[in-house]
Amino acid sequence: MSRFSLFLLPAIGFALAGCRGWQSALDAQGPQASELAWLFWIFTWVLGAIWLAVMIALAAALLRSPASRPDPLLVNPAQDRRYAAVVASLAVATGVVVLVLTGLSVVSQRNLFRVEEEAVTIRVTGRQWWWEIRYEEADASRSFTTANEIHLPVGKPVKIILNSADVIHSFWVPSLMGKQDLIKGQENDIRLVADRPGIYRGQCAEFCGLQHAHMGILAVAESQQDFERWRDAQIRPAEPPGDPERQKGQAAFLTQPCIMCHSVRGTPAGGKVAPDLTHVGSRKYLAAGTLPMSRGNLAAWIVDPHGIKPGVNMPTIKLQPDDLNAIASYLEGLK
Amino acid sequence: MSDALARRDERDLRDTMVDGSELHARLAKTWGTGRGLIAALSTVDHKIVARRYLVTAFVFLFLGGLSAAAMRIQLARPENQFIGPDLYNQLFTMHGTTMMFLFAVPVMEAVGIYLVPLMLGTRNIAFPRLNAFSYWVFLFGGLFLWVAFILNIGPDVGWFAYTPLSGPQYSPGKRTDVWAQMITFTEIAALATAVEFIVTILKQRAPGMTLDRIPLFVWAILVTSFVIVFAMPAVMVASTMLILDRLIGTHFFNPSEGGDSLLWQHLFWFFGHPEVYIIFLPAAGMVSSIVVAFARRPALGYLPLVLSLIAVGFLSFGLWVHHMFTTGLPQLGAAFFTANSMLIAIPNGIQIFCWIATLWGGKPVFRTPLLFVLGFFFIFVLGGLSGIMLASVPIDTQVHDTYFVVAHFHYVLIGGAVFPLLGAVYYWFPKITGRMMSERLGRWNFWLAFIGFNLAFFPMHLLGLQGMPRRVYTYQPEMGWGTLNLLATIGSVILLISFVLFLWNVVSSNRRGEIAGDNPWDAGTLEWATSSPPPPQNFDRIPLVTSREPLWAERGPLPVVGGLAVDMRQVVVGTVTEARPILRESSPEPSIWPLFAAIAVGGTFLGSIFTPWAVVWGSIPVAITLIGWFWPSGSPEDEK
């Protein structure tokens with residue numbers, strides 16, 4: 001028995017550690033994630049108890065000390081019939097447990113995928129290796145595109161439409177909802193609600209090539225007021241830079257190959273294959289959850305994207321040092 | 001030679017006419033493999049082929065294990081620079097592909113190829129040349145993959161190779177072609193052995209071995225073989241469609257041209273889930289053998305155990321969609337597969353209960369094989385139960401494609417297949433080599449493997465719940481996954497050490513182990529009735545079976561049947577249900593052609609990576625070698 005207890009102690013410690021962390025499935029921050037965590041714990045306790053019972057039965061079988069068996073064929077038929085009856089009733093019990101768990105699972109599935117009238121619709125398109133995000137409104141002038149960070153109003157149902165421009169990705173913000181794949185040629189959707197303001201991290205969960213590891217996404221849940229303020233700011237085109245350093249940066253940006261791929265609304269930069277940079281400075285992370293947003297990290301990223309994210313589609317562009325600083329400063333100011 | 005004998009026709013010498021050592025020597029000459037390289041390459045002896053299979057599969061186990069160790073070192077701390085994403089992706093693809101296609105399935109077949117004819121009391125497997133061919137195909141397929149890896153064209157899209165990532169647009173170059181053709185090619189070997197097993201088990205059992213006297217291990221192999229026959233074609237069709245997409249511009253999986261990338265997943269998992277049971281069922285057979293031998297009593301619930309094997313075989317085809325719960329399938333359809341996936345817990349549970357009841361009703365003898373089986377219970381039951389969690393659609397949406405799943409299937413596959421396999425090696429090693437493995441090293445081996453395994457894989461459940469996805473080559477420090485990953489790496493190193501110890505035990509025991517004798521464990525099934533290692537003919541006389549454990553029922557010499565030719569290769573063929581002998585069938589002589597045929601087929605597949613014309617030109621050498629293989633050789637019977 002000692003090995004069982006030896007094993008169980010650290011297991012309990014780990015289990016508690018499993019609840020924390022900002023990308024944890026058990027750190028539920030919305031009704032969907034809570035439903036999932038609840039179901040997870042029910043299953044864990046029921047199945048854990050079964051495992052323990054099986055181990056105890058096994059230990060009991062081993063610790064009995066019957067007489068040695070010189071003739072292995074000598075069995076007691078009455079005893080065997082009793083054992084067979086126990087096995088049969090355990091098989092029935094297994095059936096009952098399986099039935100109950102299936103029932104719980106199906107009910108929970110219905111709750112999870114219940115359709116409610118959404119307050120916000122977000123279209124997320126997976127790309128190697130970042131997320132294109134489009135807030136869709138009936139009024140087309142209030143629709144806008146951003147990348148790698150979604151904002152949602154607390155308490156409001158959000159519909160997320162999922163699609164891919166290339167390979168299969170999977171959208172997963174564990175604190176809010178389970179994952180759902182983004183597949184080219186079909187449209188999936190999930191619905192979720194955030195209960196509390198906070199920043200919840202997510203990550204692509206389907207292997208999608210070289211930089212699958214660096215394909216993070218942030219979900220920022222905030223009050224309706226903050227959300228509206230953020231949305232209004234995002235809808236506006238970029239403001240022209242005020243100070244000379246940033247003006248120089250914009251000029252450099254617009255004359256470099258950057259604009260072949262990136263857009264900054266309000267400028268001639270209109271590339272569509274890389275993240276929209278109109279308000280890049282307002283985002284908390286850079287390169288799909290890879291580097292915290294700062295002028296230094298922007299410069300580091302522009303100088304050597306392949307050192308940070310080997311295989312990324314962004315090419316290395318030779319820039320003069322003061323152009324580089326100016327561009328970093330310009331982008332950082334795109335709030 | 002006696003006068004009476006001399007008067008007979010030499011060519012029709014029957015085993016009723018000679019006796020003792022002369023019979024033994026004559027049969028050994030008839031069934032033996034000659035000396036020299038050509039003879040070695042031509043052999044059709046199931047035991048020699050199986051030994052090669054075993055050694056090759058274990059070499060692939062070590063290669064797969066080393067690639068896992070490299071990945072664990074990379075993941076030991078956040079943003080580690082040990083391995084870059086390109087090599088990492090190749091490594092996890094090689095690890096998965098090697099373990100599934102080049103280790104787990106072949107090694108189970110290898111044990112079956114060695115033991116099934118012995119357990120059935122016959123002299124060779126059915127279609128022995130096909131058996132030799134299957135080994136060469138397996139060997140070439142494995143070499144093909146690993147040589148490609150060394151040349152830096154190792155596949156890098158995962159052992160599951162999801163389209164469109166594995167399609168021509170997102171994986172240019174030869175890497176995925178190597179993977180696709182290697183899969184199609186090596187699965188030929190699996191299909192060939194499956195056919196051999198089915199025919200051997202249904203037709204070549206010793207007289208008197210009715211269906212309800214077949215050893216449980218053989219039942220497991222029979223069910224597995226049927227699963228292989230129905231599952232493997234799905235992946236071969238899929239990998240062929242993939243290579244067509246890549247090579248000649250078809251669009252099966254290309255959504256832009258009316259194809260469907262989810263079709264790949266359906267085809268792949270229609271094979272992929274039964275695959276798990278192709279690996280697990282033989283292991284369940286090994287557990288049955290070991291439990292019965294070391295509990296020292298017949299299996300409690302032979303019939304339920306057999307029916308459970310069959311039920312698992314059937315149900316394994318109704319589970320594949322639980323790999324696809326997050327792809328946006330209709331909710332009701334997904335729920336159906338939840339129910340189906342959970343259902344398989346019932347037959348698996350029955351097996352576990354029967355084994356425990358057998359141990360309960362017996363007198364367990366604690367030797368290394370039983371230790372590994374006890375480790376199997378501890379680990380496999382936990383893995384099976386976490387599998388029930390994965391069967392639930394809602395829970396699956398959280399843990400799918402995370403380290404929770406990595407933990408789950410390593411608990412199922414290492415716990416459910418590798419632990420029984422190691423137990424089986426300790427158990428049957430004396431039969432194969434004639435020597436016992438060291439018990440002391442065996443215990444060290446077991447405890448290091450058990451502790452190392454749990455330390456390596458238990459933390460992964462928690463990593464998955466903390467949000468760590470699978471197949472990431474690194475992670476950021478702020479994720480907080482560093483400690484558990486370090487622990488997992490330490491565990492994997494201990495696990496690796498246990499395997500080195502195992503290897504050392506095998507090598508040293510093979511040279512210096514204690515001499516085993518025919519039946520060192522006092523077990524009851526027929527493989528223990530012959531010498532260790534068995535002679536080329538397996539048995540001098542074919543035993544007559546009267547019970548499930550013939551060696552327990554007959555403490556003296558076994559009753560035998562006579563009448564088989566001595567100077568020609570003959571096996572007894574019987575009826576399917578009752579094994580009533582109906583005819584003496586000749587068994588093929590050694591031949592070099594299976595090797596040539598495997599080279600021709602292998603060359604065709606290799607060439608097809610570069611040009612579709614290889615299939616056309618390759619058919620010529622394939623045809624020539626097959627003509628050579630099947631050329632009527634004028635068997636002694638025909639000449640009479």
Side-chain angles (χ1 to χ4, degrees), chain A residues 7 14 17-18 21 23-26 36 39-40 43 47 50-51 54 57-58 61-62 66 68-69 72-73 75 80 83-84 87 90-91 94-95 98 101-102 105-106 108-109 112-113 166-168 170 174 178-181 183-186 188 203 205-213 310-311, chain B residues 84-86 158 162 164-165 170 255 261 296-298 300-301 326-328 331 335 338-339 342-343 345-346 349-350 352-354 356-357 359-364 377 381-382 385 388-389 392-395 397-398 400-401 454 458-459 462 465-467 469 471-474 479-480 524 552-553:
Chain A
F7 181 69
F14 294 154
Q23 192 167 304
S24 169
L26 301 179
L36 287 168
L39 191 67
F40 173 83
F43 269 60
L47 299 173
I50 292 173
W51 180 81
V54 173
L58 177 64
L62 298 176
S68 69
R69 302 177 56 84
L73 289 180
V75 292
D80 275 14
Y83 291 163
V87 168
L90 286 174
T94 309
V98 159
L101 291 180
T102 306
S105 170
V106 171
S108 171
Q109 190 184 352
L112 205 60
F113 294 98
D166 40 52
V167 303
I168 300 176
S170 193
K179 60 185 71 64
Q180 189 76 247
D181 292 354
I183 302 172
K184 191 178 182 179
Q186 79 179 59
N188 291 337
Q203 191 167 353
E206 181 61 82
F207 176 64
C208 57
L210 280 176
Q211 282 302 328
H212 170 54
Chain B
D86 182 60
Y162 275 10
L165 182 62
Y170 300 102
S261 54
R296 295 198 54 74
R297 60 154 292 152
L300 204 141
T326 63
T327 56
Q331 295 297 331
T338 294
M342 292 209 189
L343 203 57
I346 299 175
I350 290 175
I352 301 277
F353 301 144
C354 286
I356 293 180
L359 287 169
W360 193 296
K363 164 78 180 161
F377 281 117
V381 173
L382 208 157
L385 293 171
I388 291 184
M389 301 171 101
S392 159
V393 175
I395 296 179
T397 64
Q398 280 290 27
H400 177 69
D401 268 338
N454 284 299
F458 193 82
L462 308 164
L465 292 169
Q466 288 179 3
R471 301 156 187 153
V472 290
Y473 75 99
T474 192
M479 302 310 302
W552 284 349

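Here is how names work: the chains are called A, B, and so on, in the same order as the sequence lines, proteins then strands, and each is numbered from 1. Computed over heavy atoms, backbone and side chain alike; hydrogens, waters and symmetry mates excluded.
Each of A205(A), A57(A), G311(A) has some count of heavy-atom pairs under 4.5 Å with chain B, and the biggest count is that of A205(A). Of the residues considered (A84(A), P310(A), G185(A)), P310(A) shows the highest number of contacts with chain B, using heavy-atom pairs under 4.5 Å. Contacts with chain B were tallied for A61(A), A213(A), P174(A), P72(A); P72(A) has the most, counting heavy-atom pairs under 4.5 Å. Contact tally against chain A (heavy-atom pairs below 4.5 Å) for G362(B), G158(B), G349(B): the top residue is G362(B). Comparing V393(B), D86(B), T338(B), I352(B) by heavy-atom pairs within less than 4.5 Å of chain A, the highest count is held by V393(B). Among L343(B), I350(B), I346(B), the residue with the largest count of heavy-atom pairs under 4.5 Å with chain A is I346(B). When L112(A), V106(A), T94(A), L73(A) are compared by the number of non-hydrogen pairs under 4.5 Å with chain B, L73(A) comes out ahead. Note: I388(B) leads I388(B), L359(B), T474(B) in heavy-atom pairs under 4.5 Å with chain A. By number of non-hydrogen pairs under 4.5 angstrom with chain A, the leading residue of P469(B), G301(B), A345(B), P394(B) is P394(B).
Side-chain atoms of S24(A) and L465(B), non-hydrogen and from C-beta on, never get closer than 4.5 Å to each other. Counting heavy atoms from C-beta on, the side chains of Q398(B) and L39(A) never come closer than 4.5 Å. No side-chain heavy atom of F377(B) sits under 4.5 Å from any side-chain heavy atom of V54(A). Residues I168(A) and L165(B) form no side-chain contact, since every pair of their non-hydrogen atoms from C-beta on lies 4.5 Å or further apart. The closest side-chain heavy-atom distance from Q203(A) to V472(B) is below 4.5 Å.
Annotation for Q180(A) and G328(B): closest pair OE1-N, 3.1 Å, computed over non-hydrogen atoms. Closest approach of T327(B) to Q186(A), counting heavy atoms only: O-NE2, 2.9 Å. V87(A) and C354(B) get closest at one heavy-atom pair: CG1-SG, 4.0 Å. Shown here for M389(B) and F40(A), the closest heavy-atom pair between the two residues is CE-CE1, 3.4 Å. In this structure, P85(B) and Q211(A) approach most closely via the heavy-atom pair CG-NE2, 3.7 Å.
Heavy-atom distances place both the backbone and the side chain of P298(B) under 4.5 Å from chain A. Only the side chain of I183(A) comes within less than 4.5 Å of a heavy atom in chain B; its backbone stays farther off. Contact of F113(A) with chain B is made through the side chain alone, with heavy-atom distances under 4.5 Å.
In this structure, Q23(A) contributes its side chain and G467(B) its backbone to a donor-acceptor pair below 3.5 Å. A donor-acceptor distance shorter than 3.5 angstrom exists from the side chain of Q109(A) to the backbone of Q331(B), with no hydrogens or angles considered.
Interatomic distance, CZ of R69(A) versus CH2 of W552(B), reported as 8.0 Å (0.5 Å rounding).
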Checklist entry - Hey, mind stepping through D181(A) and Y162(B) against side-chain contact (heavy atoms from CB on, under 4.5 Å) and telling me if it holds? => result CA-CA 13 Å; D181(A) 292 354; Y162(B) 275 10; 5.9 Å; no
Next on the checklist: side-chain contact (heavy atoms from CB on, under 4.5 Å) for S170(A) and D401(B)? Distances and angles first, verdict last.
Outcome noted: CA-CA 9 Å; S170(A) 193; D401(B) 268 338; 5.7 Å; no
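Listed by chain and residue number, nothing satisfies the ring pair (Phe, Tyr, Trp, His ring centres under 6.0 Å) test with H400(B) (two or more places apart in sequence, or in another chain). Every residue was checked against the salt bridge (charged side-chain N to carboxylate O under 4.0 Å, His left out) condition with D166(A), not counting sequence neighbours, and none meets it.
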